[in-house]
There are 2 protein chains.
Amino acid sequence: MATSLAEENYLKIIYRLSENTELGVSTNAVAELAQTKAASVTDMLQKLAEKGWVIYQKYQGVRLTPSGQKIALSIIRKHRLWEVFLVEKLGYNWDEVHEIAEQLEHIESESLIQKLDEFLDFPDRDPHGDPIPTRDGKMADQIYQPLSELKEKMDCVLMGVAKDSAVFLQLLTKLDLNLGAKITILEINSFDRSLQIQVNSASPIFVSHEVAKNILVKA
Amino acid sequence: MATSLAEENYLKIIYRLSENTELGVSTNAVAELAQTKAASVTDMLQKLAEKGWVIYQKYQGVRLTPSGQKIALSIIRKHRLWEVFLVEKLGYNWDEVHEIAEQLEHIESESLIQKLDEFLDFPDRDPHGDPIPTRDGKMADQIYQPLSELKEKMDCVLMGVAKDSAVFLQLLTKLDLNLGAKITILEINSFDRSLQIQVNSASPIFVSHEVAKNILVKA
DNA sequence: ATATTTTTTTAGTCTTACCTAAAAATTTAT
DNA sequence: ATAAATTTTTAGGTAAGACTAAAAAAATAT
């Protein structure tokens, strides 16, 4: 069955919100990410349920069916492959590609994605370190952990980010915190959980707990 | 002012229909290309006129204003650049790219098109030999002439096509009539104006007048 | 010059995806 | 356990872009 642009965006949002929890996703949570009103979300959830892409019961939140999940994963696959293209082939920075990929992810063509995948040499991570779902809808786990979970004196390598807003990524870039950066935790401030770290053996810098939470590293 | 997908497609169609004639474009002609009904076209023409992109007077047909033409040319530019990408970088054949480019042409990002143009090394023709409008909205003339206008015994090179439907392009490919093919006109049949031609010095073949009309060559 | 045919427009609906305001259900606080 | 606050749903509307049927204008034929 054909999916409209709006439907695809809803399925993608529901997928994202389902990643953390086993429970149903709330109407309000969807509304916030969709930048729309709760009433509109209720409308759409009913339509998605009729089409068999979500399980929806009034007041009980929503969860994806296998077919809904398959659609969501295919959108995410397209989004992430296009991001690789934009960065690797067109020379964009990692903070510039999200919005363009939001448009490109809705282009409909099986063969296009196959050829793009091949052209990019079958990448398995996007420029933010996120895994790219396979053609048959399997996505590797996020195997990296937030920098905020490490202890003092530990070394690690920056492998990804948990948030891809432009302002956040621009901050990281300014701090020389790019993919592959070597990080040493010098000290964790117990008062506000901010960290003093060393990036690629340069002079120490401070990052807030909020920032550290969104930096994914391999110990 | 922002343009919707539907508006962009109408402007593109009106541009195409204006290329041949100085007069206004008829409602029915637009309806046919837009694969919609005349009543829907009338609706849309009124909206486009309000936005200042076309001059429209009841029963008098429609023509593009400079701003409407600028939008149309930017869509055509995007369409043709994406076609070059699909053929040159992803390995598509020239008969497979039209529909995908119809989707890609609506992606909105100035920087994307600039970077794509650069990545493709600033092509000035698409895979069908059509000129690609420049960034500032100038399009080179179609400098090639239909094969059907040449005389017997003349030699020429295939530089483009005047029609990019998949069936037509597949026929050409089967006859080895690709971009750059060397053609010699052996004989023109005065009864039905069909031609006997030689392609790249192979054994002679016949092509109809209809086919010859849509093959563009450099003498 | 008038009648017929064709083209175009108007009028009234439909669907999608959104909205606001009000009602109902659920959750939280006392 | 009940009251208050919050969340969610329903009801009723709007705009874009399509549709059909009927009316009006223009073009063609007699």
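Protein chains get the first letters and strands the later ones, always in sequence-line order, with residue 1 at the start of each. Note that these values count all heavy atoms, side chains included, but never hydrogens, waters or copies made by symmetry.
Minimum atom distance to the side chain of A:Y59 is reached by C:dT26, of the listed C:dT26, C:dC18, C:dA17.
The CG-P distance, from A:L11 to C:dA17, rounds to 11 Å in whole Å. When rounded to the nearest whole Å, the span between CG of B:L5 and P of D:dG17 equals 9 Å. In this structure, B:Y10 places its OH atom 14 Å from P of D:dA16, rounding to the nearest Å. Put simply, CD1 on B:I13 is 14 Å from C1' on D:dG17, counting in whole angstrom units. Look at CD on B:E8: it is 15 Å from C1' on D:dG17, rounded to the nearest Å.
Minimum heavy-atom separation, B:G129 to B:Y144: O-CE1, 4.4 Å. Closest approach of A:E83 to A:A101, counting heavy atoms only: CG-CB, 3.6 Å. Scanning both residues, B:R193 and B:L195, for their nearest heavy atoms gives O-CD1, 3.6 Å.
Ring geometry, B:F119 versus B:F85: the interplanar angle falls from 30° to 60°, so the pair is classed tilted.
Within the structure, a side-chain polar atom (N or O) of A:K58 is placed less than 4.0 Å from OP1 or OP2 of D:dT10. Contact annotation: B:S26 does not reach the phosphate of C:dT7 (side-chain N/O to OP1 or OP2, under 4.0 Å). Not one side-chain nitrogen or oxygen of A:N28 sits closer than 4.0 Å to the OP1 or OP2 atom of D:dT6.
Here the CD1-NZ distance, from B:I132 to B:K78, works out to 14.0 Å after rounding to the nearest 0.5 Å.
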For ring-ring contact (aromatic ring centres under 6.0 Å, His included), just list the numbers for B:H98 and B:H128, CA-CA rounded to whole Å, side-chain angles, deciding distance to a tenth of an Å, and then say yes or no. CA-CA 10 Å; B:H98 185 74; B:H128 312 106; 7.5 Å; no
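Using a 4.0 Å cutoff on non-hydrogen atoms, the parts of residues 33-57 of chain A near DNA chain C are A:T36, A:K37, A:A39, A:S40, A:D43, A:M44, A:K47, ordered by number.
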